[in-house]
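Note that this is a predicted model, so its numbers are computed, not measured. Proteins come first, then strands; the chains are lettered A, B, ... in the order of their sequence lines, and each starts at number 1.
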2 protein chains.
Amino acid sequence: MGVTLKQLAASLGLSPTTVSRALNGFPEVNPSTRKRVQEAAERANYRPNTRAKSLATGRAQAIGHVIPVSTSHELVNPIFADFIAGAGEIYGQAGYEMILRVVADDDEQRAYDDLVARGAVDGIIVHGPRVHDPRVDMLTKLGVPFLVHGRTSQVNTLYSWLDINNQRSFRRAAQVLLDFGHKRIALINGLEEMDFAQRRRSGYLEALAASGIAPDPMLLRQAEMTEPYGYRAAQEMMQLPDPPTAFLASSMIVAYGLRRGLSDLGLKLGRDVSIVTHDDELSYLPNDGDVPMFTATRSSVREAGRRAARMLLRLVNEPKCGPLTELMETSLVLGASTGPARS
Amino acid sequence: MGVTLKQLAASLGLSPTTVSRALNGFPEVNPSTRKRVQEAAERANYRPNTRAKSLATGRAQAIGHVIPVSTSHELVNPIFADFIAGAGEIYGQAGYEMILRVVADDDEQRAYDDLVARGAVDGIIVHGPRVHDPRVDMLTKLGVPFLVHGRTSQVNTLYSWLDINNQRSFRRAAQVLLDFGHKRIALINGLEEMDFAQRRRSGYLEALAASGIAPDPMLLRQAEMTEPYGYRAAQEMMQLPDPPTAFLASSMIVAYGLRRGLSDLGLKLGRDVSIVTHDDELSYLPNDGDVPMFTATRSSVREAGRRAARMLLRLVNEPKCGPLTELMETSLVLGASTGPARS
DNA sequence: GCGAGCACCCAAAGCGGTTTGAAAATTGAT
DNA sequence: ATCAATTTTCAAACCGCTTTGGGTGCTCGC
């Protein structure tokens, strides 16, 4: 819709070549001419046409995100918005566009394929990796730079990823509860096919094992992390003959559910029952203040978005910089939801 | 990265022209040739380069969403993810790309400007309209098709929008509480500069007025809709000399906060205090079941995303179809959070 | 005063598609 | 067999930008 380079050039009595060079900072242009061009461009509100530019340069100047929507649950992961916000910030600064595809998870693969074949993106961020995730092999074959938010376990090639140390995180979380004297600790986990859920489980089991406690399958659950899921888990588990005295929750939302379930049973957090949750620092569910409501393993998913974007951009611009990986540690913050086990 | 049209044509001994026409369903091509071309394209996994195509056709085949991130609160609206999921679904079916810009809200305007001047999008969806929102005038001037999710009040041109009937919705919600005998009803609203918040407030005031009840400023709050905001509102208001007996909450998250605040005071929902909330049907905060937890004015923001996308696509493809508007009614579902006022 | 060297600018060829206008091949009627 | 009408195919221009490979006009050294 805007002015074209040609028009701008004509209005200045210059060739498109010169105008292009003047605006892109090439040296072989007279400083006075450059100034004249820049001013005219400013005045005319000229912006190079994205498509034309990237056709000419061969770079899409765009990063693709494929957001899978589980066909069964129609659920979109709430951490997604904050991650996107972080990544988008970086793309903006770097002059990259973010393009989003929302696809049913059964033809997610085709979406990547399509994105690449059409040359729509220079790089891709992979969300929600499963324990077995064919996407990594697929994207490797496609030869497009990509970065996984999280990891996948069953893959034999090297690839780039950014993850939090889920295992260590949950080991520590469980340890805190053990230190408080808890022996019956429930894990309210995410879907078991998710890689992060497996790692958290390992961390949890490790901590128990180190204390010589045998895990009880009755205290282990995995499902999509909704609020009612947490609620039901609390309600049902507290009715067991030998109920848990503490819970490990996989997200703030689940923790809210737990909390509600417990409070409906007349149980007080931190006194009767303890909770440690993972906290992605979602902006509308802050867990801060002098004494945060929940004791939590904390890691900003927004910051993860920023870092992931930076890493991917680097992969795009220095193709030979090899697979990049980063493991973010979480911090363990003490809140009001934990206390010694009642004897 | 993929095969180009030229290469495909060469491999078939045909001209690019013919191949293009064969694939795009033009009539003037021999059926047998077409079949041959289609099969070859399939085999080679050919996809037309997005940029080249849209340069040639002059259509971006993309819709822009600008997501404002309030610089002060770094908060991204949680309904955003679900709206995007709905809209993305439609774009995918229509062969449109969704491009997202995340910008600090103080240079949001420049983002639109930029998007249009670069010819990056065919249409734009405007999120989070304020009571006074300069973006509508700006986009009208730019001459780009756009649709507002929500409305804005102080604008003198016609524009396209999709909104829910916030006023009626909250009038009904307040009415339900009044019918239950409540007279002290608090409104825990969103930020006051948001258009939706004003309309909800109007509905609430209307209902009170119709029952001859004077609104009490002490029972009115507006802020970003986080969980702790709800919590504090409940805690503080219940300590008033003349506390509310019922709350009207602007989102599920706020309602959760209220619930927690009340339960910490030992008050039981539906018996001691009532809550009616608006429910956007966010996927991870479902409010369903036989008896939903909250009595709510319900409207799927995901469905809103779908409808908005369809409307905008129509505006893009039939430029003269004029401003399109749609007002979605909410349903009022009775849940466990309401009951008669205690006398 | 002349050619080398330099600073500055430009014409033209792409990038990968679509589309126009015309040519080649086929068909049908005479 | 001939020619007009119709199919079917193609060459070339174009979309808006970048970039290669010259050009032009100056200055400078001799």
Between the protein and nucleotides 6-9 of chain D, list every N/O to N/O distance that falls short of 3.5 Å.
unit_1, atom_1, unit_2, atom_2, d
D/dT9, OP1, B/T33, OG1, 2.7
D/dT9, OP2, B/N30, N, 3.1

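- Using a 30° and 60° split on the angle between ring planes, B/Y159 and B/F146 fall in the parallel class, below 30°.
- Within 4.0 Å (heavy atoms only), A/T57 reaches sugar-phosphate atoms of the nucleic acid but no base atom.
- B/H149 and B/F83 have parallel rings, their planes meeting at less than 30° on a 0 to 90° scale where 60° marks the start of perpendicular.
- Rounded to whole Å, atom C1' of D/dC10 lies 13 Å from atom CG of B/L5.
- Among the heavy atoms of the strands lying under 4.0 Å from B/T4 are primed sugar atoms or P, OP1, OP2 only; no base atom is included.
- A side-chain donor from one of A/S153 and A/D195 sits under 3.5 Å from a side-chain acceptor of the other.
- Remark: side-chain polar atoms of B/D133 are paired, donor with acceptor, to backbone N or O of B/R135 under 3.5 angstrom.
- Heavy-atom nearest nucleotides on DNA chain C were determined for A/V19 and for B/P48, and the one closer to the 5' end corresponds to A/V19.
- Shown here are the side-chain contact (heavy atoms from CB on, under 4.5 Å) partners of B/P323, two or more places apart in sequence or in another chain: B/L158, B/S160.
- With rounding to whole Å, A/L8 atom CG is found 15 Å from D/dT18 atom C1'.
- In terms of the side-chain contact (heavy atoms from CB on, under 4.5 Å) criterion, residue partners of B/E303 (sequence neighbours excluded) are, by chain and number, B/S300, B/R306, B/R307, B/R310, B/M328.
- When the P atom of D/dT19 is taken as reference, atom CG of A/L23 falls 13 Å away, rounded to whole Å.
- In terms of modelled atom types and a separation under 3.5 Å, the side chain of B/D122 and the main chain of B/A60 share a donor-acceptor contact.
- A/T57 places a side-chain N or O within 3.5 Å of a backbone atom of A/K53 that can act as its donor or acceptor partner.
- Inter-axis angle, ends of the helix from C/dG1-D/dC30 to C/dT30-D/dA1, five pairs per end, rounded to 10 degrees: 60°.
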Test side chain to side chain contact (heavy atoms under 4.5 Å, CB included) on B/I67 and B/L100 and set out the steps.
CA-CA 7 Å; B/I67 114 167; B/L100 228 69; 4.0 Å; yes
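- The separation between B/L55 atom CG and D/dT18 atom C1' is 12 Å, rounded to whole Å.
- Chain A approaches DNA chain C within less than 4.0 angstrom (heavy atoms of the protein), and the contacting nucleotides run 5' to 3' from C/dC8 to C/dG16.
- With hydrogens and angles ignored, the 3.5 Å screen pairs a side-chain donor or acceptor of B/N317 with a backbone N or O of B/L313.
- Residues passing the side-chain contact (heavy atoms from CB on, under 4.5 Å) test with A/V121, sequence neighbours excluded: A/I99, A/L115, A/I124.
- Summarising the geometry, the separation between NZ on A/K6 and C1' on D/dT18 is reported as 14 Å, rounded to the nearest angstrom.
- Here A/N49 does not reach the OP1 or OP2 of D/dC15: none of its side-chain N or O atoms lies under 4.0 Å away.
- Residues B/A56 and B/P16 both approach DNA chain D. Their nearest nucleotides, taken by heavy-atom distance, put B/P16 toward the 5′ side.
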